[in-house]
Each structure stands twice: as C-alpha cells, then as structure tokens.
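Reviewing the structure listed below.
Lettering of chains follows the sequences in order, A, B, ..., and the numbering in each one begins at 1.
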Number of protein chains: 2
Amino acid sequence: MSMDQDLYLQNQLCFKLYTASRLVIRGYQPMLKDLGITYPQYLVLLVLWQANEQGQLPLSLKALGSRLHLDSGTLTPLLKRMQQLGLLSRVRSEQDERQLQIALTEQGIALAPKVKKWRETLSEGLACQQQALTQMAQQLDQFIGLLETE
Amino acid sequence: MSMDQDLYLQNQLCFKLYTASRLVIRGYQPMLKDLGITYPQYLVLLVLWQANEQGQLPLSLKALGSRLHLDSGTLTPLLKRMQQLGLLSRVRSEQDERQLQIALTEQGIALAPKVKKWRETLSEGLACQQQALTQMAQQLDQFIGLLETE
DNA sequence: ATCAATTATATTGTGCACAATCTAAATGAG
DNA sequence: CTCATTTAGATTGTGCACAATATAATTGAT
C-alpha cells in the first residue's frame, strides 16, 4: 500500500508551474476587466505592440502563433473576437492568399499606455522581491528552451 | 511612438510561466493518452492517491478544490467525467448533505503504479538538469506563497 | 423555535487550448 | 505544364477555467 512521495501533488514541478501561472493571471484580472480583454488577448497585444514599434506589422497568423506557442485552432476564434472589439485587422495577403495578415488598429494601439499605468501599480506588490523574480525568470527561460527544442 | 521594453512579450514573467506550464503539460501527453485521462484529471488523482495513502479518504469537493486551487465550477463536471470513467466515487455526506465525498475506486488506485513507471521515463530527459529544476521548484513555492496570501 | 446569514455544491455562459480533420493556395519534381 | 506534396488557416469537438448566479442544507442570533 506504500507509495513514495514521487506522486505527491506538492512535489510536482508541473503542478507548481500550472498553479503559479493561474494565480498570476488572476492577479491581472482587475487590469484586464478595465481594458475589456482576456489574458490571451493581452498576450496577443504585447506581440503586436512590439512588432508595431519595430515596424514589423502586419504579422501573419503563423508568426504570431510561433511567438505565443499557439496554433490556429486557438488563435483563429481569438483574433476574430479581437477584430469584433476593434483592436486589430485581419486581411488576406495579396502575394500569398493563404496568409492572414494581422495588424493593430488605432484602438488597439491606444491600449498600450493604459497598460503601462496599470503595470506600475501591479509591480508595487512584488517590487521588494525583484531579485528573486529576475532569477526565476532566467530559470524559466532556460527551462522553456529545453522544452522547445525537444 | 517609442514604447519601452516593459511591454515586450518576452520580458513578461507571466508569459514565461504560462508557456512553461503549457509546454510541460504537452510533455505529459503520451502518458496521459496511455492512461486515458487529461492533465487536470491527473492532478486530481495525485491528490486522491496521497489522501488514500494517508487514510484521509473520502475528501470533500471543497478540500480537493483548496489543494488544487480550483472551484466547483471546474471540479463538478471534471469529477463527473472521472466517475464515468470509473476512477472515483461521488457520494453525499450523511452528516452534512451539502458535502460531496470523493473517494477512489479500485480502478483509480490501479493507475498509480502505471504512472510510477511513466515517470521514470519522463525524468530521464531532464535528469541532467536536476539541480536547476529543484532550485526553480523552490522559487515557485515561494512565489505561489506570495500570491496565495494576497 | 425561527429566520437571516453562511456554507457547499451545481449550473450557466464565455473563452481559451488543443487534437484531428478539412480546404484551398502555393510549390516543385518530372 | 501537371499533379503530388507542402503549407497556412479554418473548422469541429472535447475539456478545462472561471465569473456569476442559483439552490439547498446548515448555522446562529434572537
């Protein structure tokens, strides 16, 4: 009847990641509610804001998906909802009609400064832990790197 | 037009957590497919296996939910599916009819040794990184602690 | 004892994730 | 050129997450 502690929930790295991720997303809810978007939609905007600043818009759905590690089954309906909200445009490429070109609208661009203000608030609660957070972020980068290349 | 790098996707701890979590879950798919369950169902089994070993079964839905940080909206349908699979039982408490008592069936108990075997395979790929993983696990524990008590 | 408040779970509705499959456009070897 | 192959997205179906609300059992103050 004995089972060793390999199978205890609290010893599982996968569970820690899953929990930490969900709790962090919960922390974003006040901001997301204010912006009228969801968390994955916020991640899409982060990609598009950076691409916009670097003159890389429009971005194909595939390019967006590879940055987020999400496929068309997830992104197609998500991007349609964001289009409905007026945050982005979805247009077929003329050179290659298979490709869907995603670009920001003025309304989508206009959310960036709001997020900047919210982030100043968000970070206060964790500011004292800055060094630990930086270290964890580095380790997560290494870890994700391992998983990506497998 | 300049936006500083606070809003770059790859600088967001939240995105790293979200990605790492999803990629790890993908790594579990071969095992989960073999067992015929999903990842959240696997986490439920981890809780129940440990509770069983410690003589704590049955567990109320609330007790299960507090360990997993999940509420009844998620767990009620999930546990019904696991009941359909024959992995656990759902019975109302006689002392307090509001409570739903969850217990393992023989079939649910029988999956544990299969998981043990799969875990030996899974860990091989990451074994060389053991120290880094342990350190990250500790940091995630601290981090989750911060988020839980807020 | 009674009823307002609390507690445990269920239900409803929205939005991801993701596997599996489908469609249509582009490519490339012959 | 032509047809098999590849590629980009869309679609379908299942199963979470979670907010909001509903329901029914229990508790507690009076």
Side-chain angles (χ1 to χ4, degrees), chain A residues 14-15 17-30 32-33 35-45 58-66 68-85 87 90-102, chain B residues 14-15 17-30 32-33 35-45 58-66 68-85 87 90-102:
Chain A
C14 61
F15 174 66
L17 284 168
Y18 163 82
T19 302
S21 175
R22 286 170 41 236
L23 295 181
V24 168
I25 292 172
R26 281 185 203 171
Y28 276 80
Q29 288 311 311
L32 295 171
K33 193 171 182 180
L35 300 176
I37 60 176
T38 66
Y39 180 73
Q41 290 172 13
Y42 167 67
L43 296 182
V44 167
L45 287 177
L59 227 50
S60 70
L61 185 149
K62 183 179 174 61
L64 197 58
S66 85
L68 294 167
H69 301 277
L70 290 171
D71 68 10
S72 69
T74 300
L75 286 176
T76 295
L78 191 159
L79 294 173
K80 283 183 179 174
R81 281 187 287 270
M82 293 182 77
Q83 186 182 28
Q84 291 292 318
L85 292 172
L87 299 175
R90 298 167 62 254
V91 179
R92 289 281 162 191
S93 165
E94 290 188 7
Q95 300 95 302
D96 186 339
E97 292 209 357
R98 292 171 304 180
Q99 288 188 33
L100 188 70
Q101 305 281 9
I102 314 294
Chain B
C14 60
F15 175 65
L17 283 168
Y18 163 83
T19 302
S21 175
R22 285 171 40 237
L23 295 182
V24 169
I25 292 171
R26 280 184 203 172
Y28 275 81
Q29 287 311 311
L32 295 171
K33 193 170 181 180
L35 299 176
I37 60 177
T38 66
Y39 180 74
Q41 290 172 13
Y42 167 66
L43 296 182
V44 167
L45 287 177
L59 228 49
S60 72
L61 186 148
K62 184 180 174 61
L64 199 57
S66 85
L68 294 167
H69 301 276
L70 291 170
D71 68 9
S72 70
T74 300
L75 287 176
T76 295
L78 191 160
L79 294 173
K80 283 182 178 174
R81 281 187 287 270
M82 293 182 77
Q83 186 183 28
Q84 292 291 320
L85 293 173
L87 300 175
R90 298 167 62 254
V91 179
R92 289 282 162 189
S93 164
E94 290 190 7
Q95 300 94 303
D96 186 340
E97 291 210 354
R98 292 172 305 181
Q99 288 189 33
L100 189 71
Q101 306 281 8
I102 314 295

For [X] and [N], is the shortest distance between a side-chain N/O and OP1 or OP2 below 4.0 Å?
| X | N | value |
| --- | --- | --- |
| B:Q41 | D:dC16 | yes |
| A:Y18 | D:dA17 | yes |
| A:K33 | D:dC18 | no |
| B:R22 | D:dA17 | no |
| A:R92 | C:dA26 | no |

Using a cut-off of under 3.5 Å, enumerate the N/O to N/O pairs linking the protein to nucleotides 3-6 of chain C.
none

Inter-residue atom distance A:R81.CZ - A:T38.OG1, 0.5 Å rounding: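 Between A:R81 CZ and A:T38 OG1, I get 7.5 Å after rounding to 0.5 Å.
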Hey, which of these two, B:Y39 or B:D96, hits DNA chain D nearer its 5' end, going by closest nucleotide?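 Its nearest nucleotide being more 5', the pick is B:Y39.
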Nearest-nucleotide wise, let me know which of B:I25 and A:S60 is further upstream toward the 5' end of DNA chain D.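 Residue closer to the 5' terminus by nearest nucleotide: A:S60.
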Give B:Q101 one of three labels, base, sugar-phosphate or nothing, depending on what nucleic acid heavy atoms sit under 4.0 Å from its own. nothing
Let me spell it out: for each of A:E94 and B:K62, pick the nucleotide of DNA chain C with the closest heavy atom. Which residue's pick is nearer the 5' end? B:K62
Nearest nucleotide by nearest heavy atom, which residue falls closer to the 5' end of DNA chain C, A:E97 or B:Q99?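 Upstream on the strand: B:Q99.
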On a heavy-atom basis, which atom in [X] and which in [Y] lie closest, and how many Å separate them?
| X | Y | answer |
| --- | --- | --- |
| A:Y39 | B:F15 | OH-N, 3.6 Å |
| B:G36 | B:L85 | O-CD1, 4.0 Å |
| B:Q101 | B:R92 | CG-C, 4.5 Å |

Whole-Å distance separating the [atom1] atom of [X] from the [atom2] atom of [N]:
| X | N | atom1 | atom2 | value |
| --- | --- | --- | --- | --- |
| B:Q29 | D:dT14 | CD | P | 17 Å |
| B:R81 | D:dG13 | CZ | P | 17 Å |
| A:L45 | C:dC16 | CG | P | 11 Å |
| A:L100 | C:dA24 | CG | P | 16 Å |
| B:K80 | C:dT11 | NZ | C1' | 9 Å |
| A:L35 | C:dG15 | CG | P | 16 Å |
| A:L64 | D:dA8 | CG | P | 14 Å |
| A:R26 | D:dA17 | CZ | P | 11 Å |

Looking at residues 70-79 of chain A, who's got a heavy atom less than 4.0 Å off DNA chain D? A:S72, A:G73, A:T76
Identify the residue among A:I102, A:L79, A:L87 that makes a side-chain contact (heavy atoms from CB on, under 4.5 Å) with A:V44. A:L79
Taking the inter-plane angle between the rings of A:Y28 and A:Y42 on a 0 to 90° scale, is it parallel (under 30°), tilted (30 to 60°) or perpendicular (over 60°)?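 Ring orientation of A:Y28 relative to A:Y42: tilted.
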